[in-house]
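Any value given below was found using the heavy atoms of this structure, including those in side chains, with hydrogens, waters and symmetry copies removed. Note on naming: letters A, B, ... go to the chains in the order of the sequence lines (proteins, then strands), and numbering restarts at 1 for each one.
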Number of protein chains: 2
Amino acid sequence: MEIEQAYPYLMERAIRQMRMVSQQTFLQAGVDITVEQWVVLYIIHDGQGLSQVEITEFAFKDAPTVTRIIDNLVKKGWVYRQMSSEDRRKFEIYTTNEGKMMVKKLLPMVMAIREQGIVNISESDLRVFKRVLGRLIENFEK
Amino acid sequence: MEIEQAYPYLMERAIRQMRMVSQQTFLQAGVDITVEQWVVLYIIHDGQGLSQVEITEFAFKDAPTVTRIIDNLVKKGWVYRQMSSEDRRKFEIYTTNEGKMMVKKLLPMVMAIREQGIVNISESDLRVFKRVLGRLIENFEK
DNA sequence: TAACAATAGTTGTCATGCTAATTATTGTAA
DNA sequence: TTACAATAATTAGCATGACAACTATTGTTA
């Protein structure tokens with residue numbers, strides 16, 4: 001089928017498979033976390049005190065999605081909201097100690113998966129790959 | 001933020017933006033269809049008489065998702081299920097005339113979006129891009 | 001042939017993604 | 001200062017994606 005050669009199809013498929021591998025890895029490590037929760041947890045961990053809007057921008061997700069993911073991270077005890085003192089519409093989001101431990105535990109796995117993906121791909125091909133991705137993003141920006 | 005340079009992040013972002021552009025295009029054309037519905041409709045149109053399992057494989061989606069997308073396509077009158085005569089567990093899925101018209105209307109738009117994405121990307125870079133995607137898919141297969 | 005395994009499709013549950021609408025707060029301009 | 005616009009976050013509704021459980025049918029094997 002012709003669609004299987006189209007680049008959007010290949011991208012969807014690669015992403016989906018990577019997501020499945022990640023999810024399986026988290027499961028086998030006995031950690032109950034989704035890939036999306038991981039992404040947001042990592043951003044919060046890296047940013048400490050970001051507002052939800054800022055997290056929204058980094059994660060490239062929309063506000064309602066980020067609200068709910070943070071709700072779930074709070075339920076799991078990995079993250080907490082603190083009312084901003086300057087702007088009462090805002091929260092500052094931080095990781096708890098458990099959240100930090102979770103990042104420390106999962107980050108090596110995530111890095112390993114990322115490496116697994118690019119096995120047998122040359123440095124120069126990877127550079128081209130990233131450049132094309134950047135161009136695609138630009139081309140769809142307007 | 002370091003995560004923004006990682007290839008999985010760039011891939012997610014490129015896909016998401018492309019999806020948004022597609023959705024906007026469909027909306028402006030006055031067609032009420034999601035990108036996922038488009039993918040499945042196109043596969044059905046191209047395959048005529050495929051079973052849902054086969055569609056599942058082509059679309060790289062899972063069975064419940066395909067069931068529900070087909071439900072929606074049936075509701076919109078673009079597709080119908082016909083019980084298979086050899087195997088009563090199966091349906092054969094076909095496009096209606098309206099479905100065919102819809103494909104004829106949308107396909108040029110989809111192709112144009114695909115072209116828009118790769119503007120200013122050389123032939124050779126695009127070849128490398130696809131090769132890397134194929135390798136990624138392989139690397140995450142096991 | 002009878003019991004069991006495998007397959008095709010559906011349904012339910014939960015999480016995510018998108019859109020629109022809502023609340024609370026802050027910024028701005030007459 | 002008051003009225004209005006903009007911003008931050010939430011809520012609700014719908015579609016999709018992943019997973020588990022289920023029904024109906026077909027295949028296989030003792």
Checklist entry - Would E54(B) and K90(B) count as a salt bridge (Lys or Arg N to Asp or Glu O under 4.0 Å) if you check the C-alpha gap in whole Å, the side-chain angles of each, and the deciding distance to 0.1 Å? => result CA-CA 11 Å; E54(B) 288 167 326; K90(B) 283 189 185 176; 5.8 Å; no

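- The two residues R16(B) and F60(A) make their nearest non-hydrogen contact at NH1-O, 2.6 Å.
- In this structure, R19(A) places its CZ atom 15 Å from P of dA15(C), rounding to the nearest Å.
- Between N72(B) and the phosphate of dT16(D), there is a side-chain N or O to OP1/OP2 separation shorter than 4.0 Å.
- Atom CZ of R13(B) is separated from atom P of dG17(C) by 15 Å (rounded to the nearest Å).
- Mapped onto DNA chain D by nearest heavy atom, D62(B) and K75(B) fall at different nucleotides, with K75(B) at the one closer to the 5' end.
- Ring-plane geometry between Y80(A) and Y94(A) is classed as parallel, the angle between the planes falling under 30 degrees on a 0 to 90 degree scale with a further cut at 60.
- At least one side-chain heavy atom of Q48(B) sits less than 4.5 Å from a side-chain heavy atom of K100(B).
- At whole-Å resolution of the value, CD1 in I15(B) and C1' in dG17(C) are 14 Å apart.
- Rounded to whole Å, atom C1' of dA8(C) lies 14 Å from atom CD of E86(B).
- In this structure, M20(A) atom CE and dG17(D) atom P are separated by 13 Å, rounded to whole Å.
- When atom types are taken as modelled, the side chain of Y42(A) and the backbone of L107(A) share no donor-acceptor pair closer than 3.5 angstrom.
- Near-neighbour residues of DNA chain D inside residues 22-49 of chain A, defined by a heavy atom below 4.0 Å, are absent.
- The shortest side-chain heavy-atom distance between E98(A) and K76(A) does not fall under the 4.5 Å cut-off.
- Distance check: T95(A) OG1 to D46(A) CG gives 10.0 Å after rounding to the nearest 0.5 Å.
- At whole-Å resolution of the value, NZ in K61(A) and P in dC18(C) are 8 Å apart.
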Next on the checklist: Quick one, M18(B) with Y7(A), criterion side chain to side chain contact (heavy atoms under 4.5 Å, CB included). Give me CA distance, side-chain angles, the key distance, then yes/no.
Outcome noted: CA-CA 11 Å; M18(B) 182 170 192; Y7(A) 73 85; 4.0 Å; yes

Checklist outcome for this item: With B for base contact, S for sugar-phosphate-only contact and - for none (protein heavy atoms under 4.0 Å), nucleotides 8-14 of chain D reads SSBBBB-

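- With rounding to whole Å, E57(B) atom CD is found 12 Å from dA8(C) atom C1'.
- A search for salt bridge (charged side-chain N to carboxylate O under 4.0 Å, His left out) contacts involving D87(A) returns R89(A), not counting sequence neighbours.
- Taking atom CZ of F60(A) as the reference point, atom P of dT16(C) lies 18 Å away to the nearest angstrom.
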